[in-house]
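Note that the numbering runs from 1 along the sequence shown for the chain.
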Amino acid sequence: MAETKREIERKYEAAAGTDVPDLTRVRDVATVTDEGVVELDAVYHDTPDLRLAADSITLRRRTGGSDAGWHLKFPVAVGVRDEIRAPLSDTLPPDLAALLRSRVRGGEVVPVVRLRSARDVRRLLDADGGLLAELSVDTVRARRLPKGPRASWTEIEVEAADDADPGILDAVEKQLRKAGVRSSDAPSKLARALAETAPEDHGPDDHPDAPPPAAPGTAGAAVLAYVREQAEAIVALDPAVRRDLPDAVHQLRVACRRLRSALKTYRSVLDRNATDPLGDELKWLAGELGVARDQEVLAERLRGRLTDMPRPLRLGPVKARLRIWDTARTKDARRKAVAALDSDRYLALLGRLDALLADPPLREAAGRDAAKVLARAVRKDHARLAARVDRALSLAPGHERDLALHEARKAAKRTRYAADAARPTLGKPAKKFSKRVKKVQSLLGEHQDAVVARATLRDLAVQAHAAGETAFTWGLLYGREEAAADAAERELPEVWARAVAL
């Protein structure tokens, strides 16, 4: 079973035989213990075209030391990575392979670099003997695999202890700088090894017939930049969903929706004969992810409603029933989301996105001025939204109006996404417009959430009654959701009026 460790560290250049300064002068450091030298042997794996390295991801199989095994590292911020560990084995563990699937696709990872390091370790302890940080002087020998160039260097690595204040790294760095030690230019050992062992001849262009990119300032360039951004987000968020990180499902779903909306909004730029089938696949993926996200939103809403209700009105085991309902549905929803990411259909979608970006189906408008083309497309989406809002407001309260407001909400989301895509081109006007439309979308979202919550509350009330429990509390919550939906409907005309003008 893989385990995750947050790694917060800094690297420094060092010459062979560099003396480490007295670190007991560092704030909070009372003792420095010498742990001796450990021999480490790590083989780093990647795709033949180094896709993992391109995204600052490292995968290694390491022997020696206390943490021998497979290590997969994802960047979090500068100097911060999440390291996912799995036990030592001859082949890549399935848990780690799944986290690489969106990047590796149907290919495989192969050994690319071998690093052998002599690690001279020191532990920095506080007055109580607690570990603050670990400093190592690493003498590294690297070789490009299978039989490529070699390189060697010495570096100092300082890693904060798991529960320590990361500020300890600033204090240590201050002492190292006084001793003339400077920060390393390389973000990782692998990055340095790849740079220093790169073959002199990289070979001919792999894509000599690739079409030239759209000219800067054109609609094609603007739209393709946005499409690429969302496609890359899908790939990057895949492992976060598999790791069940907070908000990961939501972010991945949003990336799918933003991309699908862009393909629809900018049909004058990209040929819909090529993009419509891709949009259908993005709709499918967002739908599979939506089960998990919708459950997350609904459960959070209902928990909040119960918490806000006065205790005397919470009759029966309402919190326990809600928890049981949420646990079962969350597990099923997560299983459905991961199954979608494991499917061949999903890999085919990623391949089609690559193909679209490699050879974009540009139309005549793609070569025109970006500002004019994008502004026209945003106005068109706004007109579509206006028609849906006007229709919804013309209907009497009830089921048909609820459906119409939901359709208006989807149109508001598409209009907002269109404006966001145009922001690099249109600047502040697009940003301001997006904010106004977002208020409409949020209000319509509140209405839809109340509608969905009512249906769930009715089901919970039926289950409670069948189990011999009182349904009183569920009925009260149902009434409050009705009131919330009514309040949103009353507020909509005013909010919409402020968003009408472009």
Query raised in the report: Is any NZ, NE, NH1 or NH2 atom of the basic residue among Asp326 and Arg303 found under 4.0 Å from an Asp or Glu carboxylate oxygen of the other?
Result: yes
Report task. In plain terms, say whether Lys435 and Asp420 are close enough for a salt bridge, that is, a side-chain N and a carboxylate O under 4.0 Å apart. Result -> no
Query raised in the report: If you measure from CZ on Arg368 to CG on Leu374, what distance do you get to the nearest 0.5 Å?
Result: 13.0 Å
**Report entry** Whether over 12 other heavy atoms sit under 6.0 Å from Asp163 CG
**Finding:** no
Query raised in the report: How long is the span from the NZ atom in Lys73 to the OG atom in Ser188, to the nearest 0.5 Å?
Result: 8.0 Å
**Report entry** Any side-chain donor near an acceptor of the partner, Arg60 and Tyr44, under 3.5 Å
**Finding:** yes
Requested in this report: Run the salt-bridge test on Asp41 and Arg62 with the 4.0 Å N-O cut-off and return the result as yes or no.
Outcome: no
Query - Cationic N near anionic O, under 4.0 Å, Asp276 to Arg267 - result: yes
Query raised in the report: With side chains defined as the heavy atoms from C-beta onward, is the minimum distance between Arg409 and Arg388 less than 4.5 Å?
Result: no
Report task. Can you measure from CZ (Arg329) to CD (Gln295) and round to the nearest 0.5 angstrom? Result -> 4.5 Å
Requested in this report: Would you indicate whether Lys5, at its atom NZ, is surrounded by more than 12 heavy atoms from other residues, nucleotides or ligands within a distance under 6.0 Å?
Outcome: yes
Query raised in the report: Is it true that Arg301 and Glu481 make a salt bridge, defined as a side-chain N closer than 4.0 Å to a carboxylate O?
Result: yes
Report summary line: CG (Asp359) and CG (Asp354) are apart, to the nearest 0.5 Å, by 12.5 Å
Query raised in the report: Looking at CG of Leu100 and CZ of Phe74, how far apart are the two atoms once the value is rounded to the nearest 0.5 Å?
Result: 5.5 Å
Query raised in the report: Are the charged groups of Asp247 and Arg253 less than 4.0 angstrom apart, N to O?
Result: no
Query raised in the report: Below 4.0 angstrom, N of the basic side chain to O of the carboxylate: do Asp55 and Arg51 qualify?
Result: no
Query raised in the report: Can you list the steps and then say if Arg101 with Tyr346 is a side chain to side chain donor-acceptor pair (under 3.5 Å)?
Result: CA-CA 10 Å; Arg101 193 166 189 261; Tyr346 171 64; over 6 Å; no
Requested in this report: May I ask you to say whether Glu288 pairs ionically with Lys336, meaning some side-chain N is under 4.0 Å from a carboxylate O?
Outcome: yes
Query raised in the report: Thinking salt bridges, do Glu469 and Arg321 make one under a 4.0 Å N-O criterion?
Result: yes
Report task. Test Arg376 against Lys380 for side-chain contact (heavy atoms from CB on, under 4.5 Å), laying out the working first. Result -> CA-CA 6 Å; Arg376 187 181 305 116; Lys380 186 176 180 180; 5.9 Å; no
**Report entry** Short N-O contact, Asp381 and Arg384, less than 4.0 angstrom
**Finding:** no
Query raised in the report: Which distance, rounded to the nearest 0.5 Å, do you find between the NZ of Lys410 and the CD of Gln448?
Result: 9.0 Å
Query raised in the report: Within 45° of the axis and under 6.0 Å from the centre of the six-membered ring of Trp284, does NZ or CZ of Arg345 qualify?
Result: yes
Query raised in the report: Can a salt bridge be assigned to the pair Arg6 and Glu83 using a cut-off of 4.0 Å between side-chain N and carboxylate O?
Result: no
Query raised in the report: Where does the angle between the aromatic ring planes of Trp496 and His382 fall among parallel (under 30°), tilted (30 to 60°) and perpendicular (over 60°)?
Result: parallel
Requested in this report: Using a strict 4.0 Å threshold on nitrogen-to-oxygen distance, state whether Arg10 and Glu159 make a salt bridge.
Outcome: no
Report task. Return the set of residues passing salt bridge (charged side-chain N to carboxylate O under 4.0 Å, His left out) with Arg243 (not counting sequence neighbours), or none when no residue passes. Result -> Asp82
**Report entry** Salt-bridge present (Arg81, Glu9; N to O < 4.0 Å)
**Finding:** yes
**Report entry** Residues Glu296, Arg293: salt bridge by 4.0 Å N-O rule
**Finding:** yes
